*Asks:* 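One structure follows; several queries about it will come next.
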Amino acid sequence: MSDLPLKSSSPQHFQTEHLKQDLKGRSVRGGVVTVLTQSSKMVFNLGALAVLARLLTPQDFGLIAMVATVTNLVTLFKDMGLSMATVQKAEIDHRQVSTLFWVNVGFSAAIALVIAALSPSIAWFYREPRLVPITLILAVGLGLSGLMVQHEALLRRQMRFTDLALVQVASMALGAGVAIAAAWGGAGYWSLVVKQLVEQLVSIVGVWVLCSWRPGWPGKLSSIGDMLAFGGNLMGFNFVNYFARNLDNILIGWRWGALPLGLYDKAYQLFLFPIQQLNTPFAAVATPALSRLVDAPGQYRQAYLRVLDKLALLSMPFIAFTIASADWIIHLALGSQWSEASRIFAWLGITALVQPISNSTGWLFMTQGRTWQMFQWGIVGSLLSVVAIVAGLPWGAEGVAASYSISGLLIRTPLLFWFVCRQGPVRQTDLYRTIAPAALASVLSLLLLFGFRLWSGVTHPWWGLTLTALITLGATLAVLSVLPAGRSSLKDLASMKSKLKP
């Protein structure tokens with residue numbers, strides 16, 4: 001399918017029947033495009049982070065992290081779960097999408113005003129007056145973000161991944177470039193504020209240029225009642241999940257101050273990098289594809305497990321590598337002044353082992369229209385996360401990371417697997433059986449890597465990372481070659497090459 005924009009009057013903005021003609025091929029090609037996009041974004045992110053970490057201080061990053069725990073709330077309300085509703089719904093028309101557009105714009109603007117009004121309270125809570133102007137400026141940029149929700153959703157609904165890739169890479173590159181220039185010029189923490197504003201504005205302009213659909217007057221809310229219910233449940237899940245995921249930053253900043261929070265926040269961001277680079281492209285491709293197969297349970301189950309298998313193979317051994325190499329990664333990525341973040345990074349890696357797998361269960365909830373159950377799980381999972389974070393707080397940022405990660409691996413993830421598989425074509429045993437080869441490869445890799453670190457005496461970061469990467473690759477291939485399911489996965493990966501041709 002061509003990535004050329006469609007005329008705004010064309011129903012092809014909303015129709016999806018033509019996508020089913022080569023759904024597997026589109027999914028594989030879209031996955032390749034999205035993986036390349038995420039790789040480019042990772043390069044820009046890591047490159048910008050490496051430079052900014054040397055031009056700025058941990059306190060600078062800590063200030064932005066304090067504000068981000070509040071300002072990021074607007075991303076939940078400007079979307080309201082309605083972008084996924086647009087992607088998932090079998091049939092949709094111009095008036096419905098226009099109504100959703102204005103709902104997104106109104107809510108994002110309203111929440112931005114609320115955040116601006118709360119700026120003095122945020123500064124008071126953290127005992128940091130510099131947070132007032134930071135919050136006000138970031139609120140303006142985030143308030144505009146509702147303008148891009150439905151345009152981006154329509155591009156994703158049509159599986160126009162090349163267009164989405166162009167926007168994402170351009171916004172990331174320009175934002176990083178402007179931030180580095182500002183930091184080099186002595187702007188301090190304001191360079192991080194400018195980075196977010198530039199990325200937001202470039203993204204808005206980009207999706208409007210590449211998606212030629214233009215909103216009309218809104219219709220009655222009753223015409224989108226089912227979509228509002230779908231989005232409302234999804235937004236409820238995102239809200240409680242956001243609260244639980246950000247309570248660690250709030251409490252660490254409140255109890256221990258900007259320096260420990262800056263260390264924790266950078267370790268957390270680095271820990272998220274590999275997860276985002278994998279989960280984002282997989283989710284971008286899997287959700288529209290599974291939405292088209294929801295009426296064919298057998299094909300749906302097969303498609304999901306096939307994607308899950310690849311996600312586990314690409315994520316779990318790699319996370320094992322990062323856990324064992326945490327100190328070298330932190331040293332090379334951020335510099336020696338950030339060395340205290342390495343233990344936090346390693347602890348967070350424990351939950352990162354299963355985080356991409358856990359994230360994929362959201363595709364099941366959303367594409368099956370089970371967002372009410374997703375919201376219910378969000379409440380349960382968030383309460384468990386809050387207990388873990390509070391339990392680890394007396395031991396500082398490292399204690400929070402350890403408590404959150406261990407409880408995630410042993411308690412939250414097994415409960416989530418049971419909860420999501422109570423309904424639908426995917427069974428709980430399907431999940432464990434599918435990820436088993438990757439999990440065994442990860443365990444073997446960790447044992448070998450810890451032994452290598454203990455007895456090899458290698459201290460040079462570049463040499464160390466090279467050797468640990470080779471050990472991880474060798475252990476993973478050895479496990480996959482021995483297990484029948486592993487050999488089947490490798491053959492399936494090889495067979496995907498034929499799908500790359502349009």
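Keep in mind that this is a model prediction, so the values were computed, not measured. All residue numbers in this chain count up from 1 along the given sequence.
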*Asks:* Tell me, do Ile389 and Val400 make a side-chain contact under 4.5 Å, heavy atoms counted?
*Replies:* yes
*Asks:* The criterion is salt bridge (charged side-chain N to carboxylate O under 4.0 Å, His left out); which residues satisfy it with Arg412, sequence neighbours excluded?
*Replies:* none
*Asks:* Kindly give the heavy-atom pair with the smallest separation between Leu409 and Pro414, and that separation in Å.
*Replies:* O-CD, 3.6 Å
*Asks:* Please name all residues satisfying salt bridge (charged side-chain N to carboxylate O under 4.0 Å, His left out) with Asp60, sequence neighbours left out, ordered by chain then number.
*Replies:* none
*Asks:* Evaluate His94 against Trp213 for side chain to side chain contact (heavy atoms under 4.5 Å, CB included), listing each step before the verdict.
*Replies:* CA-CA 9 Å; His94 173 72; Trp213 175 80; 2.8 Å; yes
*Asks:* How close do Ser358 and Thr413 get, counting heavy atoms only, and between which atoms?
*Replies:* OG-OG1, 3.5 Å
*Asks:* Scan Asp265, Leu334, Leu259 and name whichever one has a side-chain contact (heavy atoms from CB on, under 4.5 Å) with Pro58.
*Replies:* Leu259
*Asks:* Using a 4.5 Å cut-off on heavy atoms from C-beta on, say whether the side chain of Ile122 contacts that of Met66.
*Replies:* no
*Asks:* Quick one: closest heavy-atom pair of Val167 and Leu210, and the distance?
*Replies:* CG2-CD1, 3.6 Å
*Asks:* Under 6.0 Å from the ring centre and within 45 degrees of the ring axis: does the NZ or CZ of Arg370 meet both conditions for the six-membered ring of Trp377?
*Replies:* no
*Asks:* Mind checking whether Ser98 and Pro218 have side chains closer than 4.5 Å, heavy atoms only?
*Replies:* no
*Asks:* Begin from the C-alpha positions of Phe237 and Gln373 and carry the test side chain to side chain contact (heavy atoms under 4.5 Å, CB included) through to its verdict.
*Replies:* CA-CA 9 Å; Phe237 167 81; Gln373 293 182 13; over 6 Å; no
*Asks:* The criterion is salt bridge (charged side-chain N to carboxylate O under 4.0 Å, His left out); which residues satisfy it with Arg343, sequence neighbours excluded?
*Replies:* Glu398
*Asks:* Report the distance from atom CH2 of Trp190 to atom CG of Leu56, rounding to the nearest 0.5 Å.
*Replies:* 13.5 Å
*Asks:* Under a 3.5 Å distance rule, please check whether Ser191 uses its side chain to pair with a backbone N or O of Gly188 as donor and acceptor.
*Replies:* yes
*Asks:* Is the side chain of Thr351 donor-acceptor paired with the backbone N or O of Leu348 at a distance under 3.5 Å, no angle test?
*Replies:* no
*Asks:* Which distance, rounded to the nearest 0.5 Å, do you find between the CD1 of Ile64 and the CG of Leu131?
*Replies:* 8.5 Å
*Asks:* In this structure, are over 12 heavy atoms from other groups packed under 6.0 Å from Glu340 atom CD?
*Replies:* no
*Asks:* If you take all heavy atoms of Ala326 and Ser342, which pair is closest and at what distance?
*Replies:* CB-O, 3.5 Å
*Asks:* Using a 4.5 Å cut-off on heavy atoms from C-beta on, say whether the side chain of Trp124 contacts that of Val132.
*Replies:* no
*Asks:* Considering all heavy atoms of both residues, which atom of Lys195 and which atom of Ala179 are nearest to each other, and what is their separation?
*Replies:* CB-CB, 3.5 Å
*Asks:* Which pairs pass side chain to side chain donor-acceptor pair (under 3.5 Å) with one or both residues in residues 128-143, sequence neighbours excluded?
*Replies:* Glu128-Arg130
*Asks:* Could you tell me whether the side chain of Trp208 and the main chain of Leu147 form a donor-acceptor pair under 3.5 Å?
*Replies:* yes
*Asks:* Determine, step by step, whether Phe321 and Leu465 satisfy the side chain to side chain contact (heavy atoms under 4.5 Å, CB included) criterion, reporting the C-alpha distance in whole Å, the side-chain angles of both residues, the deciding distance to 0.1 Å, and the verdict.
*Replies:* CA-CA 9 Å; Phe321 158 76; Leu465 287 175; 3.8 Å; yes
*Asks:* Verify, without hydrogens or angle tests, whether Ser407 (side chain) and Ser403 (backbone) share a donor-acceptor contact under 3.5 angstrom.
*Replies:* yes
*Asks:* Calculate, to the nearest 0.5 Å, the distance between atoms CG and CG belonging to Leu332 and Asp327 respectively.
*Replies:* 9.5 Å
*Asks:* Would you say that Val307 contacts Leu290 through its side chain, given a criterion of any heavy-atom pair below 4.5 Å between the two side chains?
*Replies:* no
*Asks:* Can you see which heavy atom on Leu52 is nearest to which on Ala183, and at what distance?
*Replies:* CD2-CB, 3.7 Å
*Asks:* Can you find a pair of side-chain heavy atoms, one from His151 and one from Phe101, that are under 4.5 Å apart?
*Replies:* yes
*Asks:* CZ of Arg453 to OG1 of Thr459: how many Å apart, nearest 0.5 Å?
*Replies:* 9.5 Å
*Asks:* Verify whether one side chain among Asp248 and Tyr404 offers a donor that lies under 3.5 Å from an acceptor in the other.
*Replies:* no
*Asks:* Roughly how far, to the nearest 0.5 Å, is CD1 of Ile204 from CD of Glu152?
*Replies:* 10.5 Å
*Asks:* Can you find a pair of side-chain heavy atoms, one from Thr361 and one from Phe417, that are under 4.5 Å apart?
*Replies:* yes
*Asks:* Could you give the distance from CD1 (Ile350) to CD1 (Ile319), rounded to the nearest 0.5 Å?
*Replies:* 12.0 Å
*Asks:* Taking Ser325 for its side chain and Thr322 for its backbone only, find out whether a donor-acceptor pair lies under 3.5 Å.
*Replies:* no
*Asks:* Take Ser360 and Leu311, measure what side chain to side chain contact (heavy atoms under 4.5 Å, CB included) needs, and give me the verdict at the end.
*Replies:* CA-CA 9 Å; Ser360 76; Leu311 181 61; 4.1 Å; yes
*Asks:* Could you pull out all residues at least two apart from Tyr268 that satisfy ring-ring contact (aromatic ring centres under 6.0 Å, His included)?
*Replies:* Phe271
*Asks:* So, does Ser203 use its side chain to make a donor-acceptor pair with the main chain of Glu199 at under 3.5 Å?
*Replies:* yes
*Asks:* Tell me which pairs pass ring pair (Phe, Tyr, Trp, His ring centres under 6.0 Å) where either residue lies in residues 334-374, with sequence neighbours left out.
*Replies:* Phe61-Trp338, Trp372-Phe375
